Protein chains: 2
Amino acid sequence: MSNLPEDLPECMVFLLGKAYQKAHGDFNKRLRPYGLTNMQHLVLEGLWYQPGMTATELSKLLILDKATLSGVLDRMTETGWIVKRPDPEDRRIQRIYPSEQANHLKPELISERQESNREILEHFSAEERILFKRLLRDMI
Amino acid sequence: MSNLPEDLPECMVFLLGKAYQKAHGDFNKRLRPYGLTNMQHLVLEGLWYQPGMTATELSKLLILDKATLSGVLDRMTETGWIVKRPDPEDRRIQRIYPSEQANHLKPELISERQESNREILEHFSAEERILFKRLLRDMI
DNA sequence: AAAAAATTGTTTGTATACAAAGGATTTAAA
DNA sequence: TTTAAATCCTTTGTATACAAACAATTTTTT
């Protein structure tokens, strides 16, 4: 750490990228036993928040490109984490739900994310944590 | 902004991901006229810092997987941004240099990054900027 | 020096990311 | 109402990301 040459540690794109890389990588490792990825976990959280969302709604909620989401949903359907059901009123739409298996693991999976968050923030004080989140939110 | 459901704005993995996504996307748009990506720009900055680095050295400097870097360097060689030369002492190694064309654009490209950084930070106070960078650095 | 270990870089396979274009369907306009 | 516009989602193409396995080449051990 902190052995980077002069300028890199001043570059926000670099710093944000590497901070994300670390958080993302740690969370992915934690999720590996479940056969889930960070992004797939995020989709489940979205669907637990509001089951039956369409891909477009999910895409907006998660601030994720629809083309990317399309692939993620495909894989999650194949691996049985979600279920797609056609909307009776609009044939363009498919409504998406967490599977039984996903709901069964919900408490466990949510606590994994909380644990991951705790790990990321454990080196910071209470004030720093609040400030850090605010700074990030203000960027989005 | 700030219309996300309850929990997402508390999740550091999510916040870091979206903050990075934004910074990364903005910088990529700015680089598009040059035919460069964020990552390729980063490689050039590394090589300007120390020309002749090996892929392994670059990989450590940029905290980037060697397999990923391999592909990036391939594309940059094809598009003429970098040049690879064999090391006379160790036939496993290739030393990497910025091309003439890259050096020619160096001042311009560096100021693009600076401008991008300015944009990212423009909504924050001087203290917030320093703190933000420190928090990110402490995470890496 | 011959065998074992380490290093360098590539390749393969899977999973994001996003731009751009396209097919199917619904809604709005003329 | 039938043409145009908008919406939903997928597909294609390019570029990261990273794990795992690999070939070529040193370096270390024995």
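Every value quoted in this text rests on a predicted model; they were computed, and no experiment measured them. In what follows, chains carry the letters A, B, and so on, assigned in the order in which the sequence lines appear, proteins first and then strands, with residues in each chain numbered from 1.
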Options C:dA19, C:dT10, D:dA19, nucleotide nearest the side-chain atoms of A:Arg32: D:dA19
base_contact_polar (C:dT25 base, A:Arg91 side chain, donor-acceptor, <3.5 Å): no
Residue-phosphate contact under 4.0 Å: B:Tyr20 side-chain N/O, D:dA17 OP1/OP2: yes
Presence of B:Gln94 side-chain N/O under 4.0 Å of C:dT10 phosphate oxygens OP1/OP2: no
Distance, rounded to the nearest Å, where A:Leu69 contributes CG and C:dA17 contributes P: 11 Å
Distance flag, aromatic centroids of A:His41 and A:Phe27, threshold under 6.0 Å: yes
Atom-to-atom span, CD of B:Glu89 to P of D:dT26 - whole angstrom: 11 Å
A:Thr56 side-chain N/O to D:dT7 phosphate OP1/OP2 under 4.0 Å: no
Any A:Gln21 side-chain N or O less than 4.0 Å from OP1/OP2 of D:dC18: yes
Toward the 5' end of DNA chain D, by each residue's nearest nucleotide, A:Lys29 or B:Val72: B:Val72
Heavy-atom check, side chain of A:Leu73 versus side chain of A:Leu58, under 4.5 Å: yes
Within one Ile-Leu-Val-Met-Phe-Trp-Tyr cluster: A:Leu47 and A:Val83, side-chain cutoff 4.5 Å: no
Between C1' of C:dT25 and CZ of A:Arg92, the distance in whole Å: 5 Å
Sugar-phosphate only, base, or nothing, as touched by B:Ala55 at under 4.0 Å among non-hydrogen atoms: sugar-phosphate
Interatomic distance, A:Leu64 CG vs C:dT16 P [rounded to whole Å]: 9 Å
Side-chain N,O (B:Ser70) to OP1/OP2 (C:dT10) below 4.0 Å: yes
Salt bridge B:Lys133-B:Glu128, side-chain N to carboxylate O under 4.0 Å: no
Between C1' of C:dT14 and NE2 of A:His24, the distance in whole Å: 13 Å
Side-chain N,O (B:Arg75) to OP1/OP2 (D:dT14) below 4.0 Å: no
Phosphate-side-chain proximity, B:Lys84 and C:dT8, N/O vs OP1/OP2 below 4.0 Å: no
Side-chain donor/acceptor of A:Arg95 to backbone N/O of A:Lys84, under 3.5 Å: no
Selection from D:dT16, D:dT10, D:dT25 that lies nearest to any side-chain heavy atom of B:Gln40: D:dT16
Close side-chain approach of A:Asp138 and B:His123, heavy atoms under 4.5 Å: no
Protein-nucleotide distance (B:Asp65, atom CG; D:dA21, atom C1'), rounded to Å: 13 Å
Which residue lies more 5' along DNA chain D, comparing A:Asp90 with A:Lys18 via nearest heavy atoms: A:Asp90
Value in whole Å for how far the P atom of D:dA6 lies from NZ of A:Lys66: 14 Å
Rounded distance in Å - CD1 (B:Ile93) to P (C:dT7): 12 Å
Phosphate contact (C:dA15 OP1 or OP2) by A:Thr68 side-chain N/O below 4.0 Å: no
